[in-house]
Amino acid sequence: MRQIVFAFVCFISFSSSFTYAIDRIDISVGSLSRPSYHVDTISSYRAGLSWDTDLLKDYINSQSSIRLESSIGLNQTSLGDIYDLTAAPTFHYQFKKIDQKVFFEFSAGVAYISDTDWAAYHNMGSNLQFADRVGFGYAFEKTEVSLNFFHFSNGGTNTHNPGCDMLLLRTSFKI
């Protein structure tokens with residue numbers, strides 16, 4: 001896992017055009033709610049990068065956008081620390097009729113988890129998972145704060161598929 005993180009950081013550091021394209025830095029902190037027999041109240045941490053795209057610009061109004069996100073996470077379980085890497089497109093919708101600052105996000109992508117055993121009798125079945133996230137938040141001038149529900153599942157591709165859930169407080173800083 002350390003080699004993957006090191007390679008990711010080196011790639012970003014040495015690729016100036018890639019680094020220039022980054023629009024946001026995302027930080028999340030929260031609680032692992034399933035499996036529920038974890039160690040601490042705050043047991044899930046995420047850091048990520050996201051890029052704004054113009055994919056919906058010509059098709060839908062300016063209230064909607066697609067972001068591309070990648071992140072690395074640390075989940076503290078009763079059996080030890082589990083790391084994950086995720087990549088996903090995210091649908092971002094601003095509620096301009098209610099308040100120009102309130103937004104909704106939905107994300108569905110892929111993830112790699114470092115270990116499949118999250119707790120006694122809670123085996124995720126495989127290291128390759130699907131990662132889903134739903135969030136509601138408020139946008140300030142250069143910062144967004146949101147409450148998110150995050151879910152890992154192998155989508156039934158393995159006989160073991162209990163899934164894992166997290167409730168996260170997420171902050172996104174526009175660069």
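When reading the values below, keep in mind they use all heavy atoms of this one structure, side chains included, and skip hydrogens, waters and symmetry mates.
- Taken to the nearest 0.5 Å, the OG atom of Ser50 stands 10.0 Å off from the NE2 atom of His92.
- Remark: side-chain polar atoms of Ser146 are not paired, donor with acceptor, to backbone N or O of Asn148 under 3.5 angstrom.
- Paired with Met166 under the rule side chain to side chain contact (heavy atoms under 4.5 Å, CB included), one option of Phe149, Tyr45, Phe152 passes, and it is Phe152.
- For the atom pair OH (Tyr112) and OG1 (Thr86), the distance works out to 14.5 Å, reported to the nearest 0.5 Å.
- A distance of 9.0 Å separates OG1 of Thr171 from CG of Asp26, quoted to the nearest 0.5 Å.
- By the 4.5 Å heavy-atom criterion applied to side chains, Trp51 and Ser70 are counted as neighbours.
- Taken to the nearest 0.5 Å, the CD atom of Glu69 stands 7.5 Å off from the OG atom of Ser172.
- Within the 3.5 Å criterion, the main-chain N or O of Ile66 finds a donor-acceptor partner in the side chain of Thr53.
- Arg46 and Ser71 share a donor-acceptor pair across their side chains, judged by distance under 3.5 Å alone.
- Here Phe104 contributes atom CZ and Phe91 contributes atom CZ; the two are 7.5 Å apart, rounded to the nearest 0.5 Å.
- The two atoms that bring Ala47 and Ile27 nearest to each other are CB-CD1, 4.2 Å, heavy atoms only.
- Here the side chain of Ser31 pairs no donor or acceptor atom with the backbone of Ser33 at under 3.5 angstrom.
- Considering only heavy atoms from C-beta on, His122 comes within 4.5 Å of Cys164 through its side chain.
- Residues Tyr83 and Val29 fall within the same hydrophobic cluster, defined by Ile, Leu, Val, Met, Phe, Trp and Tyr side chains chained together at heavy-atom separations under 4.5 Å.
- In this structure, the side chain of Asp115 engages the main chain of Asp117 through a donor-acceptor pair within 3.5 Å.
- Counting only heavy atoms from C-beta outward, the side chains of Asp52 and Lys174 approach each other to under 4.5 Å.
- Cluster annotation: Leu128 is not connected to Ile82 through the hydrophobic network of ILVMFWY side chains, with a link wherever side-chain heavy atoms come within less than 4.5 Å.
- Annotation for Ala111 and Ala131: closest pair CB-CB, 4.1 Å, computed over non-hydrogen atoms.
- The heavy-atom pair separating Asn161 from Ser153 by the smallest distance is OD1-OG, 3.0 Å.
- Annotation: side chain of Val102 is not in contact with side chain of Phe136 (no heavy-atom distance under 4.5 Å).
- For the atom pair CG (Leu32) and OG1 (Thr41), the distance works out to 11.5 Å, reported to the nearest 0.5 Å.
- Side-chain contact check for Ile113 versus Asp84: some heavy-atom pair is nearer than 4.5 Å.
- Side-chain contact between Pro162 and Met124 is present, with heavy atoms from C-beta onward closer than 4.5 Å.
- Salt-bridge formation is not detected for the pair Glu105/Arg24: no Lys NZ or Arg NE/NH1/NH2 atom is positioned less than 4.0 Å from an Asp or Glu carboxylate oxygen.
- Proximity of Asn154 to Phe130: side-chain heavy atoms (C-beta onward) are nowhere separated by under 4.5 Å.
- Within the 4.5 Å cutoff, the side chain of Val145 has no heavy atoms near those of the Tyr138 side chain.
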- Message: side chain to side chain donor-acceptor pair (under 3.5 Å), that's the test. Do Ser126 and Asn158 meet it? Break it down for me.
- Response: CA-CA 7 Å; Ser126 66; Asn158 191 290; 5.2 Å; no
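- The two residues Gln94 and Ala139 have their closest heavy-atom pair at OE1-CB, 4.4 Å.
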